[in-house]
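Protein chains get the first letters and strands the later ones, always in sequence-line order, with residue 1 at the start of each.
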Number of protein chains: 2
Amino acid sequence: MDERADCIFCRIADGKIKSNILYQDEELLAFPDINPLAPTHILIIPRKHIASVAEMPTQDAHLIGDMAKLAKKLAGDNGIAEKGFRLVINNGPEGGQGVNHLHMHLLGGRQLGSKLG
Amino acid sequence: MDERADCIFCRIADGKIKSNILYQDEELLAFPDINPLAPTHILIIPRKHIASVAEMPTQDAHLIGDMAKLAKKLAGDNGIAEKGFRLVINNGPEGGQGVNHLHMHLLGGRQLGSKLG
């Protein structure tokens with residue numbers, strides 16, 4: 001199955017594409033967004049290839065909780081836990097999902113707007 | 001402790017403020033945002049008063065996974081699972097958090113923008 005070979009985030013998780021890995025464990029990975037929309041803009045992904053929330057198996061939902069817990073830690077590491085930050089998961093075309101591998105955006109370091117998209 | 005009495009989302013969860021409850025169980029609640037930013041704009045909250053992700057106890061992180069699972073179901077109910085949707089959790093002042101009770105926005109029903117705030 002070439003799913004992992006065809007997915008840029010799987011390739012980052014597998015070390016096939018170099019990235020500035022900010023955090024990793026057996027389940028999750030975090031690295032900077034290459035097109036940052038804010039002074040802090042980090043992507044958090046599961047190693048497992050899950051295309052989106054809409055296609056997430058029920059038994060994998062705990063990963064989203066773990067991603068949020070990691071976002072909290074990274075917000076602290078980046079000095080934005082108290083000032084504030086935003087977590088975003090885009091899903092599918094109208095959601096603006098850019099890569100079809102589940103990912104959470106952690107954005108902060110400036111006043112974020114109120115439109116949410 | 002008047003924490004619940006002073007929190008508008010706790011008051012909705014406790015039935016003290018009427019809302020159009022779209023879903024509820026012993027843990028979570030979903031209702032429409034009163035200032036919708038998209039054709040579908042639903043808020044998902046835990047009944048438990050947690051101020052934000054930054055103040056979320058580690059043992060409550062699973063709630064965010066459960067909120068995402070519920071968002072997936074509500075996206076299906078609203079016919080936006082395939083077209084796409086966005087999940088947003090604002091945290092603290094620079095994150096644009098409007099109510100200091102953890103909540104996830106489910107937005108969809110139109111093409112969402114790429115700025116994320």
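Heavy-atom distances place the backbone of A/Ser114, and not its side chain, under 4.5 Å from chain B. Of the two parts of B/Leu107, only the side chain, counted from C-beta on, holds a non-hydrogen atom closer than 4.5 Å to a non-hydrogen atom of chain A.
A continuous path of Ile, Leu, Val, Met, Phe, Trp and Tyr side chains, each step under 4.5 Å between heavy atoms, connects A/Leu22 with A/Met104, placing both in one hydrophobic cluster. Linking ILVMFWY residues whenever their side-chain heavy atoms come closer than 4.5 Å, directly or via other members, leaves B/Leu102 and B/Leu43 in distinct clusters. The cluster map of Ile, Leu, Val, Met, Phe, Trp and Tyr, joined by side-chain heavy atoms under 4.5 Å apart, puts A/Met56 and B/Leu106 in the same cluster. B/Ile44 and B/Tyr23 end up in the same hydrophobic cluster when Ile, Leu, Val, Met, Phe, Trp and Tyr side chains are linked at under 4.5 Å. Cluster annotation: A/Ile8 and A/Ile50 are assigned to distinct hydrophobic clusters (Ile/Leu/Val/Met/Phe/Trp/Tyr, side-chain heavy-atom contacts under 4.5 Å, transitive).
With chain B as the partner, the residue from A/His105, A/Arg110, A/Glu55 showing the most heavy-atom pairs under 4.5 Å is A/Arg110. Looking only at heavy-atom pairs under 4.5 Å with chain B, the residue among A/Gly108, A/Pro93, A/Gly96 that has the most is A/Pro93.
More than 12 heavy atoms of other shown residues, nucleotides or ligands fall within 6.0 angstrom of atom CD1 in B/Ile17.
Residues from residues 61-92 of chain A that place a non-hydrogen atom less than 4.5 Å from a non-hydrogen atom of chain B comprise A/Ala61, A/Ile64, A/Gly65, A/Ala68, A/Lys69, A/Lys72, A/Ala81, A/Glu82, A/Lys83, A/Gly84, A/Phe85, A/Arg86, A/Leu87, A/Val88, A/Ile89, A/Asn90, A/Asn91, A/Gly92, given in numerical order.
One finds the CG atom of B/Leu112 at 10.5 Å from the NZ atom of A/Lys115 (value rounded to the nearest 0.5 Å).
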